[in-house]
Amino acid sequence: MRKYKSAVAAFLMGMAVMLGPAHAEDSVARDLMDQLAQAEDERAADRLERQLRQEWSKSGSAVMDLLLKRGQDALDVDDVDAALEHLTALTDHAPEFAEGWHALALAYYRADQFGPAADALERTLALNPVHFGALRGLGAIFEQVDKPHLAYDAYSRVLSLRPHDSDVIDALERLERRVNGQTL
């Protein structure tokens with residue numbers, strides 16, 4: 001449980017500050033975040049999300065980009081051990097690369113290692129406070145460890161950044177009664 005404390009603290013601080021898209025690292029990513037927050041439908045949001053993820057996946061180093069790709073490819077074929085090796089090497093050599101931490105969090109999550117996944121998501125959000133994928137991941141972990149209020153808060157924050165996320169909308173509906181109770 002101790003491993004969740006730092007992630008929860010970082011998440012709650014982020015919720016209190018409500019960091020916006022202006023904190024994204026570069027102007028292309030900021031522009032895409034602005035467009036994503038105002039997307040008219042899920043199709044447009046999906047297109048913008050793909051573009052944004054492409055921007056976020058640029059580390060500035062061909063070697064680091066290759067480690068990220070190898071880690072993601074390993075996850076695509078369910079080789080979690082290989083993914084963990086590639087992505088740990090990536091975060092060791094590029095600790096300021098948020099997308100590397102996010103990919104590592106996915107690998108840990110797939111290995112059912114929720115504490116290390118939460119730690120990696122904390123690092124992702126420290127480097128990129130508008131990383132809706134990391135917030136989505138925190139929501140999933142909080143659901144897994146039966147923290148519905150924290151899951152609900154994380155998912156709500158995702159919708160402020162990416163309003164047409166149908167999976168997150170479903171999660172919020174699923175958690176609504178547990179979090180807000182039943183009205184009389």
Side-chain angles (χ1 to χ4, degrees), residues 11 14-15 17-60 64-66 68-80 83 87 90 97-110 117-118 120-144 148-180:
F11 171 71
M15 289 297 294
V17 175
M18 293 302 284
L19 293 169
H23 295 337
E25 298 229 348
D26 62 62
S27 63
V28 173
R30 276 195 305 273
D31 291 344
L32 288 169
M33 283 300 302
D34 290 341
Q35 292 174 44
L36 182 62
Q38 298 177 26
E40 304 241 346
D41 56 34
E42 190 165 1
R43 186 174 170 182
D46 288 343
R47 178 183 52 77
L48 290 163
E49 181 178 339
R50 279 191 304 277
Q51 291 175 326
L52 187 57
R53 286 189 183 277
Q54 186 175 19
E55 284 300 309
W56 285 346
S57 69
K58 296 175 183 175
S59 70
M64 296 306 113
D65 291 349
L66 180 61
L68 177 63
K69 179 160 179 21
R70 285 187 175 170
Q72 291 170 330
D73 289 348
L75 282 175
D76 287 345
V77 296
D78 291 324
D79 188 351
V80 176
L87 298 169
L90 172 59
F97 181 40
E99 199 58 28
W101 288 104
H102 182 249
L104 181 60
L106 291 173
Y108 279 132
Y109 186 84
R110 296 271 287 283
L121 291 171
E122 175 184 356
R123 292 292 296 266
T124 304
L125 289 167
L127 295 166
N128 182 356
V130 296
H131 198 296
F132 47 83
L135 287 166
R136 209 183 288 150
L138 275 180
I141 289 172
F142 290 144
E143 271 195 272
Q144 288 286 326
H149 287 83
L150 292 174
Y152 190 89
D153 288 345
Y155 290 140
S156 295
R157 179 75 174 115
V158 170
L159 283 188
S160 73
L161 299 168
R162 188 188 191 286
H164 297 287
D165 191 321
S166 59
D167 292 335
V168 170
I169 292 168
D170 292 344
L172 286 169
E173 290 172 1
R174 181 175 61 247
L175 292 167
E176 179 74 30
R177 183 174 285 164
R178 289 184 69 197
V179 171
N180 295 322

> Measuring from Leu52:CG to Phe132:CZ, what's the distance to the nearest 0.5 Å?
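So the gap between those two atoms works out to 5.0 Å.
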> With sequence neighbours excluded, what pairs up with Asp165 under the side chain to side chain contact (heavy atoms under 4.5 Å, CB included) test?
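Arg136, Val158, Leu159, Arg162, Asp167, Val168.
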> Got a sec, which residues hit side-chain hydrogen bond (donor to acceptor under 3.5 Å, both in side chains) with Arg47, two or more places apart in sequence or on another chain?
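Arg47 satisfies side-chain hydrogen bond (donor to acceptor under 3.5 Å, both in side chains) with no other residue.
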> Using a 4.5 Å cut-off on heavy atoms from C-beta on, say whether the side chain of Glu40 contacts that of His164.
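Heavy-atom side-chain distance check fails, nothing below 4.5 Å.
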> How close do Ala140 and Tyr155 get, heavy atom to heavy atom, and via which atoms?
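In terms of heavy atoms, the two residues are closest at N-OH, 3.1 Å.
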> Quick one: side chain to side chain contact (heavy atoms under 4.5 Å, CB included) partners of Asp79, sequence neighbours excluded?
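Result, side chain to side chain contact (heavy atoms under 4.5 Å, CB included) vs Asp79: Ala74, Val77, Asp81, Ala82.
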> Can you establish whether the number of heavy atoms outside Gln54 located under 6.0 Å from its atom CD is more than 12?
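Check fails, neighbour count at 12 or below.
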> Which residues pass the side-chain hydrogen bond (donor to acceptor under 3.5 Å, both in side chains) test with Asp78, not counting sequence neighbours?
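Asp78 satisfies side-chain hydrogen bond (donor to acceptor under 3.5 Å, both in side chains) with Arg110 only.
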> Tell me, please, which residues at least two apart from Ala105 pass side chain to side chain contact (heavy atoms under 4.5 Å, CB included).
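Here the qualifying residues are Ala120, Leu121.
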> Atom NZ of Lys58 and atom CG of Leu68: how far apart are they, to the nearest 0.5 Å?
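That separation rounds to 13.0 Å.
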> Look at the side chain of Tyr109 and the backbone N and O of Ala118, then say whether any donor-acceptor pair between them is shorter than 3.5 Å.
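No, the answer is negative, given that no donor and acceptor are paired below the 3.5 Å cut-off.
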> Can you find a pair of side-chain heavy atoms, one from Leu135 and one from Leu125, that are under 4.5 Å apart?
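Yes. Closest side-chain heavy atoms under 4.5 Å.
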> How far does CG of Leu161 sit from CE of Met33, to the nearest 0.5 angstrom?
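Atom-to-atom, Leu161:CG and Met33:CE are 4.5 Å apart.
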> If you compare all heavy atoms of Ala107 against all heavy atoms of Ala83, which two are closest, and at what distance to 0.1 Å?
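Closest approach of Ala107 to Ala83, heavy atoms only: CB-CB, 4.3 Å.
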> Taking ring pair (Phe, Tyr, Trp, His ring centres under 6.0 Å) as the test, write out the residues that go with Tyr152, two or more places apart.
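Tyr152 satisfies ring pair (Phe, Tyr, Trp, His ring centres under 6.0 Å) with no other residue.
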> With sequence neighbours excluded, what pairs up with Ser59 under the side-chain hydrogen bond (donor to acceptor under 3.5 Å, both in side chains) test?
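By the side-chain hydrogen bond (donor to acceptor under 3.5 Å, both in side chains) rule, Ser59 matches Asp65.
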> Checking Val28 now: which residues fulfil side chain to side chain contact (heavy atoms under 4.5 Å, CB included) with it, not counting sequence neighbours?
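Val28 satisfies side chain to side chain contact (heavy atoms under 4.5 Å, CB included) with Asp26, Leu32, Glu55 only.
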> Which residues satisfy the ring pair (Phe, Tyr, Trp, His ring centres under 6.0 Å) test with His131, sequence neighbours excluded?
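Expected list: Trp56, His102.
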> Say you draw a straight line from OG1 of Thr124 to CD of Glu99; how long is it, rounded to the nearest 0.5 Å?
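Thr124 atom OG1 to Glu99 atom CD measures 7.5 Å (nearest 0.5 Å).
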> Test side chain to side chain donor-acceptor pair (under 3.5 Å) on Arg157 and Ser160; report intermediate values, then the result.
CA-CA 5 Å; Arg157 179 75 174 115; Ser160 73; 3.0 Å; yes
> Below 4.5 Å, heavy atoms only, C-beta onward: do Phe142 and Asp153 meet side chain to side chain?
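No, every pair of side-chain atoms sits at 4.5 Å or beyond.
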> Taking only residues two or more places apart in sequence, or in another chain, which ones meet Asp170 in a salt bridge (charged side-chain N to carboxylate O under 4.0 Å, His left out)?
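Asp170 satisfies salt bridge (charged side-chain N to carboxylate O under 4.0 Å, His left out) with no other residue.
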> Grab the two heavy atoms, one from Ala37 and one from Pro163, that are nearest each other, plus how far apart they are.
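Closest approach of Ala37 to Pro163, heavy atoms only: O-CG, 3.3 Å.
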> To the nearest 0.5 angstrom, please state how far the CZ atom of Arg70 sits from the CG atom of Asp73.
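Rounded to the nearest 0.5 Å, the CZ-CG separation comes out at 9.0 Å.
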> Using 0.5 Å steps for rounding, measure from the CD atom of Gln72 to the CG atom of Leu87.
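Gln72 CD to Leu87 CG: 7.5 Å, rounded to 0.5 Å.
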> What are the two closest non-hydrogen atoms of Ala103 and Leu75, and how far apart are they?
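Closest approach of Ala103 to Leu75: O-CD1, 4.1 Å.
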> In chain order, what residues pass the side-chain hydrogen bond (donor to acceptor under 3.5 Å, both in side chains) check against Arg50, with sequence neighbours excluded?
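Once residues adjacent in sequence are excluded, Arg50 has no partner under the side-chain hydrogen bond (donor to acceptor under 3.5 Å, both in side chains) criterion.
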